[in-house]
Amino acid sequence: MPKESMAEQLLAWYDRHRRVLPWRAKAGETADPYRVWLSEIMLQQTTVAAVGPYFASFLARWPSVEALAAAPLDDVLTAWAGLGYYARARNLHKCAQAVAARGGDFPSDEAGLLELPGIGAYTAAAIAAIAFDQRAAVMDGNVERVVARLYRVQSALPAAKPELRALADSLTPDQRPGDYAQAVMDLGATICTPRKPRCALCPWREACAAFKAGDAEDYPRKTPKPERPILHATAYWMTMPDGSVVLRRRKEEGLLGGMMEIPTNTWRATPWTLDEARGVAPVAAAWRDLPGNIRHVFTHIDLRLTLLSGSLRKVPDGMLAASLDKLGDYALPSVMRKIVSAAVKGG
DNA sequence: GATTCGTGGGG
DNA sequence: TCCCCAAGAAT
């Protein structure tokens, strides 16, 4: 099948099945670059369902890129808490300030977008196509999967990326590039799914090599990922006489960078004994262990936590005390909220 | 090219 | 329970 007709076929399918998403312009409407950018950053490695409420609250609180640029970084981190990949929040803020500094308009081409913080190859193409209707080949996980099946690409990811990208580019039409970009991603999200693809409903079924071979689910091929190390640590639940709890801000870079934390000792492969954990506590206190173990799985770390509780009279240097009913006002990532929950429950 | 970066849902 | 993975970027 000629590639032009494949794009036409997909666009016809899209016109019939176009999904309503909070950041998506309705048919015939012009997309708002700010909304497109904000949603694309949030959607990096994150599901539509998870993004929904965050997108709504960000948009309500910061209706424009200028408003977001003017916000304190800590407010952005707090609003982002729970969504993960916190470098995105720091880059979001940095990017907003860069755009505000150039008058509030986003660059309208891929090259210009690519220079902005937090915008890589995929996001630059997505914004160029969706917000500015420029011809740009978007390559995300959906497109990788669709194209790998369509051509039954034998090489494995991530090495196959350049090959898949060239194929994706050759399929991208000059007409309606913004709709095409959303269409091919929607196809991957709703029809050409990782498992149990709904090939019977696919507009590209006739052209699909993997469908013909009956092994769509075997693509894209992937090289196995390294296994996740198990690390152990102790969280120190330090309470003040008024019932507030001691928090600390993490360093700006690295894991959970810039976010708040319940202080822990070093994350290490060997489990900590009670005495060892008491010996390296942030401050001297009558530490007692709290019941319940916490497990939190990051992309590359399987973290196991135990809890020690201590009563303090004064807040340690470099830390702060927060009342339990105000913890929502702090930039606490999910793993730290798990600790809070376990500590409150365990007394 | 390989690593580092979160979290929650689905099968 | 476990594994996969999601509109990837930065280093």
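Chain naming here is simple, since letters A, B, ... match the order of the sequence lines and numbering starts at 1 in each.
In this structure, A/Arg90 reaches neither bases nor backbone, as no heavy-atom distance under 4.0 Å exists between it and the strands shown. If you check every strand for non-hydrogen atoms under 4.0 Å, A/Gly82 touches sugar and phosphate atoms only. Residue A/Val335 is classed as a sugar-phosphate contact, given heavy-atom separations below 4.0 Å to backbone atoms only. Nucleic acid contact for A/Ala49: none, since no nucleic acid atom lies under 4.0 Å from a heavy atom of the residue. In this structure, A/Ser39 reaches neither bases nor backbone, as no heavy-atom distance under 4.0 Å exists between it and the strands shown. Nucleic acid contact class of A/Arg19 (heavy atoms, under 4.0 Å, all strands): base. Counting non-hydrogen atoms under 4.0 angstrom, A/Ile130 reaches nothing in the nucleic acid. Using a 4.0 Å heavy-atom cutoff across all strands shown, A/Trp23 reaches at least one base atom of the nucleic acid. Note on A/Gly254: only backbone sugar-phosphate atoms sit closer than 4.0 angstrom, heavy atoms only; bases stay farther off. Heavy atoms of A/Pro226 sit nowhere under 4.0 angstrom from any nucleic acid atom. Contact annotation for A/Ile127: no contact, since no heavy-atom pair falls under 4.0 Å across all strands. No contact: A/Pro158 has no heavy atom under 4.0 Å from any strand.
A salt bridge is absent between A/Arg248 and A/Asp317: the closest approach of a Lys/Arg side-chain nitrogen to an acidic carboxylate oxygen does not fall below 4.0 angstrom. Ion pairing between a basic and an acidic side chain is recognised when a charged N comes within 4.0 Å of a carboxylate O; A/Arg18 and A/Asp186 show no such pairing. A salt bridge links A/Asp169 with A/Arg135: the distance from a Lys NZ or Arg NE/NH1/NH2 to an Asp or Glu carboxylate oxygen falls below 4.0 Å.
For A/Tyr85 and B/dG6, a side-chain-to-base donor-acceptor distance below 3.5 Å is present, hydrogens and geometry of angles not being considered. If you check distances only, the side chain of A/Thr46 does reach the base of B/dG6 with a donor-acceptor pair under 3.5 Å.
In this structure, A/His296 reaches the B/dT7 phosphate: one of its side-chain N or O atoms is under 4.0 Å from OP1 or OP2. Residue A/Arg88 has no polar side-chain atom (N or O) positioned under 4.0 Å from OP1 or OP2 of C/dA10. Checking the phosphate oxygens (OP1, OP2) of C/dA9, a side-chain nitrogen or oxygen of A/Thr123 falls inside 4.0 Å. Within the structure, a side-chain polar atom (N or O) of A/His300 is placed less than 4.0 Å from OP1 or OP2 of B/dC5. Note on A/Thr299: every side-chain N or O is 4.0 Å or more away from OP1 and OP2 of B/dT4.
Taking atom CD of A/Gln44 as the reference point, atom P of B/dG8 lies 18 Å away to the nearest angstrom. Note: CZ (A/Arg165) to P (C/dA7) measures 18 Å, nearest angstrom. Across the protein-nucleic acid pair, A/Leu92 atom CG and C/dA10 atom P stand 12 Å apart, rounded to whole Å. We find that CZ of A/Arg195 is positioned 7 Å from P of C/dC5, with the value rounded to whole Å. A/Ile301 has its CD1 atom 9 Å from the P atom of B/dG6, to the nearest Å. Atom CG of A/Leu157 is separated from atom P of C/dC4 by 14 Å (rounded to the nearest Å). Distance, A/Leu332 CG to B/dG6 P: 14 Å, rounded to whole Å. A straight line from CE of A/Met42 to C1' of C/dA9 spans 16 Å, rounded to a whole angstrom.
Closest to the side chain of A/Ser334, from the set C/dC5, C/dA9, B/dT7, is B/dT7. With B/dG6, C/dC2, C/dC5 as the candidates, the nucleotide lying closest to the side chain of A/Tyr86 is B/dG6.
Here the separation of B/dG11 from C/dA7, taken at their P atoms, is 14 Å to the nearest Å. Between the C1' atoms of B/dG6 and C/dC4, the separation comes to 15 Å (whole Å).
Taking the six-membered ring where the residue is Trp, the centroids of A/Trp287 and A/Tyr236 are separated by under 6.0 Å. Aromatic ring centres of A/Trp37 and A/Phe106: separated by under 6.0 Å.
Across the interface with DNA chain C, nearest-nucleotide mapping of A/Leu114 and A/Asp186 shows A/Asp186 to be the residue nearer the 5′ end.
A 4.5 Å side-chain heavy-atom check between A/Leu308 and A/Leu274 finds at least one atom pair inside the cut-off. Side chains of A/Asp133 and A/Tyr180 form no contact here, defined as non-hydrogen atoms less than 4.5 Å apart.
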